[in-house]
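Below is one structure, written out as structure tokens; comments come after it.
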There are 4 protein chains.
Amino acid sequence: MSSPLVSRQVVFADRDVIELAQASVPEPGRDDVLVRVALVGICATDLHLLAGHIGDPFPLVPGHEFVGEVAAIGENAAAVRGLSVGDHVAVEMLLPCRSCARCREGRYNLCERDDMAAGLPFGRQYGVNIPRTVSPGLWGGYAEYLHAPADAIVHRLPADLPWERAVLVEPLAVASRAVARGRVRPGENVAVIGPGPVGLLIAAAARAAGAGRVVMIGTRAQRLGLAGRFGADAVVNSRETDDLAGAVREAFGDTLPDVVIEIAGVAAAQQDAVRLVRRGGRVVLAGACGAAVPVTFHADEDLLTREPDIVPSFLSAGGFEPAIALLSRGEFPFETLVTHRFGLDEVADAFALIRDRSDGVIKAVLDPRTTQKETRR
Amino acid sequence: MSSPLVSRQVVFADRDVIELAQASVPEPGRDDVLVRVALVGICATDLHLLAGHIGDPFPLVPGHEFVGEVAAIGENAAAVRGLSVGDHVAVEMLLPCRSCARCREGRYNLCERDDMAAGLPFGRQYGVNIPRTVSPGLWGGYAEYLHAPADAIVHRLPADLPWERAVLVEPLAVASRAVARGRVRPGENVAVIGPGPVGLLIAAAARAAGAGRVVMIGTRAQRLGLAGRFGADAVVNSRETDDLAGAVREAFGDTLPDVVIEIAGVAAAQQDAVRLVRRGGRVVLAGACGAAVPVTFHADEDLLTREPDIVPSFLSAGGFEPAIALLSRGEFPFETLVTHRFGLDEVADAFALIRDRSDGVIKAVLDPRTTQKETRR
Amino acid sequence: MSSPLVSRQVVFADRDVIELAQASVPEPGRDDVLVRVALVGICATDLHLLAGHIGDPFPLVPGHEFVGEVAAIGENAAAVRGLSVGDHVAVEMLLPCRSCARCREGRYNLCERDDMAAGLPFGRQYGVNIPRTVSPGLWGGYAEYLHAPADAIVHRLPADLPWERAVLVEPLAVASRAVARGRVRPGENVAVIGPGPVGLLIAAAARAAGAGRVVMIGTRAQRLGLAGRFGADAVVNSRETDDLAGAVREAFGDTLPDVVIEIAGVAAAQQDAVRLVRRGGRVVLAGACGAAVPVTFHADEDLLTREPDIVPSFLSAGGFEPAIALLSRGEFPFETLVTHRFGLDEVADAFALIRDRSDGVIKAVLDPRTTQKETRR
Amino acid sequence: MSSPLVSRQVVFADRDVIELAQASVPEPGRDDVLVRVALVGICATDLHLLAGHIGDPFPLVPGHEFVGEVAAIGENAAAVRGLSVGDHVAVEMLLPCRSCARCREGRYNLCERDDMAAGLPFGRQYGVNIPRTVSPGLWGGYAEYLHAPADAIVHRLPADLPWERAVLVEPLAVASRAVARGRVRPGENVAVIGPGPVGLLIAAAARAAGAGRVVMIGTRAQRLGLAGRFGADAVVNSRETDDLAGAVREAFGDTLPDVVIEIAGVAAAQQDAVRLVRRGGRVVLAGACGAAVPVTFHADEDLLTREPDIVPSFLSAGGFEPAIALLSRGEFPFETLVTHRFGLDEVADAFALIRDRSDGVIKAVLDPRTTQKETRR
Ligand SMILES: NC(=O)c1ccc[n+]([C@@H]2O[C@H](COP(=O)([O-])OP(=O)(O)OC[C@H]3O[C@@H](n4cnc5c(N)ncnc54)[C@H](OP(=O)(O)O)[C@@H]3O)[C@@H](O)[C@H]2O)c1
Ligand SMILES: NC(=O)c1ccc[n+]([C@@H]2O[C@H](COP(=O)([O-])OP(=O)(O)OC[C@H]3O[C@@H](n4cnc5c(N)ncnc54)[C@H](OP(=O)(O)O)[C@@H]3O)[C@@H](O)[C@H]2O)c1
Ligand SMILES: NC(=O)c1ccc[n+]([C@@H]2O[C@H](COP(=O)([O-])OP(=O)(O)OC[C@H]3O[C@@H](n4cnc5c(N)ncnc54)[C@H](OP(=O)(O)O)[C@@H]3O)[C@@H](O)[C@H]2O)c1
Ligand SMILES: NC(=O)c1ccc[n+]([C@@H]2O[C@H](COP(=O)([O-])OP(=O)(O)OC[C@H]3O[C@@H](n4cnc5c(N)ncnc54)[C@H](OP(=O)(O)O)[C@@H]3O)[C@@H](O)[C@H]2O)c1
Ligand SMILES: [Zn+2]
Ligand SMILES: [Zn+2]
Ligand SMILES: [Zn+2]
Ligand SMILES: [Zn+2]
């Protein structure tokens, strides 16, 4: 790196306060990687952060769904990671401590270390809970540059993978983890509840894992209409039936699914999930409903005598490897999920679009290099 | 078998109607075993059956916790099972179909076959849902004789295992399954909630599986007082603390348990179980709370961001092998759990004792050969 | 069934003695199914049986890769199995006892019961070790009719699945078990050694299970040429390289595979398999090399310090469900593997063809209804 | 730390060259821990290292079985690890990179990073492959002080655990991993082959994991005589029988073991292990036989048709937690395995004793604070 760099950044200065700022970009230390962001996806979490629903990590540079290229790299990092300037990379949103019991057993999404993390009990996450005040302040993807220290998990991406396909790697990693948590075996039937962007990716990941039939359950015809392209064999609109269990059973050819994956983020859907699975099946709860929202099951009827495994799936640990493998194959038109693209100065517009689900939005992304809106369908 | 046999039986003729009856005992067919009952344990389930809480299987011969000896055996059964007259045996309460998908994968407690089972969706179970009207009417353990057809799972018991120790095999198999469902690994910390007979056996089974520390959580000092003999390193009385999580954490040496096993049979305990486990731990729900009793968790706070596996454990499938191995070793004074012994004509008295938890009762058993009460402490 | 039936059968009367015979077909008992064979595949095992390499089960009706339709069915079987006359079915080759410890835990390919099985330590298998002298003598698929008693595992096939695709269900079930034994997770790289019919099916099953890259390793260009259609991303001809590990590493993009599945049936391939897998990977040994053929590994170099799991995979238990699910989807041109079709009177010709690998044979099948050769490419 | 420290060290200057040396001990950096060694066990590996059998890591400070107390600690390390000066600790022999794919999935014994490790393909290990020339040169336990950087895995030990019991933590962790790799479930029968110190610890770990029966197989009466104290129910001397399989079957009560764990370190024992396990059982190969020593199995007879899982178990990853839990309980007289204690200047004597198996030696340890021999039985 020859001359001193600056990075444009979106900053959530406080609850409901969006600012544009600049940060100076130091040369990476010997264990560090400096990443230039190519695209960053907007996640529902980002809206919740701005609204102050997820603690008080302000001032914060948001953005955890980013991909980009190596802009500069320390000597040690280059050797250990086998990376050079110009390589395309994805960085996991989690910055695990790599020391605690959870990290050591490979479950680093539950990392117990939170000292950098503004007191939030979630481990350190890019764009979520590392305040900009922590040096060097390059901890979010809504920006031109990003800092990846030794703890960061950096994956190489194929150079020919288009950025609009690559930018889905984080939500697809979430989807892959959900499918892995559900221990979906080839030939097993899988129901997915919630046809948002993550739900569609879960359908694809379940199909890619060899599911027998995949059925998408939702409430909105437009989104259900996309499910077929992402691996669903049938869809059920829960608003259009009085007998959801009956409709689901029929969609699977007179049987209940082996695995149900909930990704709607509402308690009713989690309750449905447990009731729709076959005896002895697996239920993955992946939607975020809100911290203390009550979810209620019927003791012996839903649980004891049906013996389902109920497994929450949190974040993306272990999911990047299968996600990158799947993106690299030609299957599924993942890039068509990116319906809108904005510049860093258009975050408020983008959030409004997503909040209102207007214009058929599925996934909107920011391109830090552009300041001009460009909408794509 | 020389002369025609009759078997005395307790019959639940209808809801709240207990009768004593006799049944004629046919010679076993070539695939069958005739078992003479030595002792049969009284389970809380038996009281619920009599009260009509578990369907309408009447007339029913209750009793599923029985052990005994081979009284007669068909030629084929003798060859296939390697058994002879006089051998001591335990018969699993489950009579699986051995054909359905669940049976084929070794999860026969979820057997999907229910044709003999009075329409109850639980697979066939001795003493629970096979009416006496199904030939030969010897389907319960509150009796002198019992019929074990080809589908029955019959285990040989060591000849020198005392009956009062052996009679705990079924609840210990339930306990062993619960521990297995919790995937307790050596060195892991285990909390057990509910120090009834099954809870005490779970403590012992967890200890035997190599648990690091075992902590028993209960509400009744007398029962908590027994926990130490059955493997618990510490006890917590949830009635005596305002900060259950704090007390449990302390009992484990400033950490939360890796596995929590609930066996209290009340919703509050199931809710506690999920909140007391460490992040990424396992929660086994084994208590029967009642069919549609609501159990409520907090969505993201209890589930998503803590990612526990919540696994109900139903009945005893796969549990008899480890239970018999454990009973056969000298460890744990299991026989002291049998606090009371009754004859077949004293069922009403026995039930009253259990319902009132009077006289320090833990486990009461029936001895079909005696008609005289004999209380032991 | 109106009039008494007879079934034409191929009989291996003794080592190297093939005969055509007839057997009378009794009406099925209440627990039995009578199956009319539509097609039966010829397996390498059948040639070994005739040569006397697999015990002395003569006289034997060979054939375990059969599919067909329900010709008649007992009342009980119809109720329990939910089947009617005319339904298309596949019957697993294994006839498990459903009672022994292995059967009870879902590992019925290791069934310990062998009383009907001519003393062979392999559990009972259609067409392999149940002599024709065991009543009713309908225990092999090289025949018009076949007897399926209560122990048989009968799967319904979709009515619109063409027989030439359906007939691959058993080898595809073997392939599915091998992939399951290898615990292939989505995104993992898989090498398959041995591009025979089973090897090609393993490639497809691994691809269907979400493998990252699949590489086929073989010795014969013609067969390697087919691998691409069955999910392989690259092939390596081990005859054309001095550095097999290097070539394999290159085919995976400079890394060794997570899982290697050997299905060549020669010791050298099994040894390669262990050496080609990455540290901590899984090696599935599925090829049959001969009973006491020595297979040699290097202690610490291959095993201890690389810590691979080495897991043999025997027969098809648990594999029919995923195999049927995969056949039912449109993917992979499975039916093109059936290169030759013969009548029951042409077994000797068919065996010669397979032995010589002439005419590009991959899978040859018998059609019990035809006596005229019809070759298809 | 007030004044500059020096550490006495044993140095393997080259193959067969033992020296005593001193190293200066820097103050620990902010992420580091300085450990004062209390006791260090002598492992067979140490003799192999000196003999030049394990690469060329010279000059090397040997010793990986050490325990001690925190002598000084960096600010960050204290916060993150929750440790203070004086705490008793065990440090795992493995120094994983915490970044590679194997480390991230919790399998850090297969860490792919070897830059510090003198080119040896084993990940970095204290006392094995980090030359003394790597700063600060405190990488082995045959010394007064030892350096534990951020990558080190440091476990707190109970303050009241006697050092002579604590010093067995590393071999007991090896034993615990072997039992875990064997997936020993409560009630399962386990055979252990090789009654050396590690084998005796495996017997205890298997017993602690709830094994049904544990049978020790060995060649030396003196050592077999100790097995009973460490959990074995029976022993078999393979030198005293012509029918090992028969003797083992008898020792288990007419059945073959579910799991066999080999820890003899000779090819014959590994071959026995595979032949002695029941069909579908698990075989753990944990003994080190020498890099390219041939181990030969019989293809279909030993492997395919019996379908055992053959799982090498390498080093101690994941084993320290259960080992510490087990040492902390009163069970098993572990400290009696420490039969001999030497000073740092007596390494040659100690090695001779072990090589000759003289004086009934089981485990010999070094006490860096003493220079006077003190033998204990
Ligand atoms: N586990 C994790 O680590 C993780 C990671 C990322 C995201 N998430 C969570 O995953 C969820 C989905 O994310 P997303 O971005 O795909 O969100 P999204 O766009 O909100 O999609 C959710 C979809 O679920 C539908 N839905 C709502 N209630 C339903 C019901 N009862 N039955 C069926 N469908 C129902 C919604 O329908 P309408 O369109 O009609 O509202 C919507 O289409 C969110 O809760 C998010 O917070 C979790
Ligand atoms: N999973 C299965 O297959 C299976 C098999 C057999 C039995 N069960 C069930 O297992 C449960 C236990 O059986 P059991 O025979 O041992 O019953 P039990 O004698 O009723 O024992 C339950 C114990 O839990 C205690 N308890 C109640 N609420 C509690 C709370 N909030 N926290 C802690 N402890 C609490 C009770 O205390 P008090 O004495 O103060 O009431 C009692 O001592 C029953 O629900 C039974 O139906 C399940
Ligand atoms: N596990 C089970 O339960 C099960 C079930 C069915 C079959 N099997 C076994 O599976 C094996 C394959 O069956 P199949 O019908 O597919 O047999 P196949 O037609 O004999 O195919 C084996 C293929 O492996 C190739 N091969 C031989 N040595 C090789 C090496 N060193 N490296 C790479 N490829 C090599 C052969 O090449 P050439 O053509 O040049 O000889 C041949 O194409 C047989 O051993 C069979 O007995 C096992
Ligand atoms: N997996 C790992 O990570 C790991 C870690 C530490 C150690 N190890 C290895 O584990 C092995 C045991 O270590 P140790 O310190 O306990 O060694 P040890 O003292 O050499 O003990 C091995 C024992 O096995 C006996 N033995 C030899 N051949 C046998 C056979 N055919 N059948 C039954 N017993 C036989 C030996 O008997 P004699 O006394 O008659 O020779 C000896 O008592 C060594 O190979 C060591 O390298 C592995
Ligand atoms: Zn961590
Ligand atoms: Zn069943
Ligand atoms: Zn069997
Ligand atoms: Zn590593």
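First the proteins, then the strands, lettered A, B, ... as listed; each starts at 1. Note that these values count all heavy atoms, side chains included, but never hydrogens, waters or copies made by symmetry.
To the nearest 0.5 Å, the span separating CZ on Phe297(A) from CG on Leu285(B) amounts to 10.5 Å. Here the straight-line distance linking atom CG of Asp300(A) with atom NE2 of His53(B) works out to 12.0 Å at 0.5 Å rounding.
Between Arg177(A) and Glu307(B) there is a salt bridge, with a side-chain nitrogen of the basic residue lying less than 4.0 Å from a carboxylate oxygen of the acidic one.
Of the two parts of Glu105(A), only the side chain, counted from C-beta on, holds a non-hydrogen atom closer than 4.5 Å to a non-hydrogen atom of chain B. Arg181(A) touches chain B through its side chain: at least one heavy atom from C-beta onward sits under 4.5 Å away, while N, CA, C and O do not. Using a 4.5 Å cut-off between heavy atoms, Ala267(A) does not touch chain B at all.
Using a 4.5 Å cut-off between non-hydrogen atoms, no part of residues 187-198 of chain A approaches chain B.
Looking only at heavy-atom pairs under 4.5 Å with chain B, the residue among Arg107(A), Arg306(A), Gln271(A), Gln270(A) that has the most is Arg107(A). Ranked by non-hydrogen atom pairs under 4.5 Å with chain B, the options Val283(A), Leu304(A), Val293(A), Leu303(A) are led by Leu304(A). Of the listed residues (Ala286(A), Gly265(A), Gly290(A)), the greatest number of heavy-atom pairs within a distance under 4.5 Å of chain B belongs to Gly290(A). Each of Asp302(A), Val311(A), Val295(A) has some count of heavy-atom pairs under 4.5 Å with chain B, and the biggest count is that of Val295(A). When Cys289(A), Ala299(A), Ser313(A), Pro308(A) are compared by the number of non-hydrogen pairs under 4.5 Å with chain B, Ala299(A) comes out ahead.
Residues Ala292(B) and Glu301(A) share a closest heavy-atom pair of CB-OE1, 3.9 Å.
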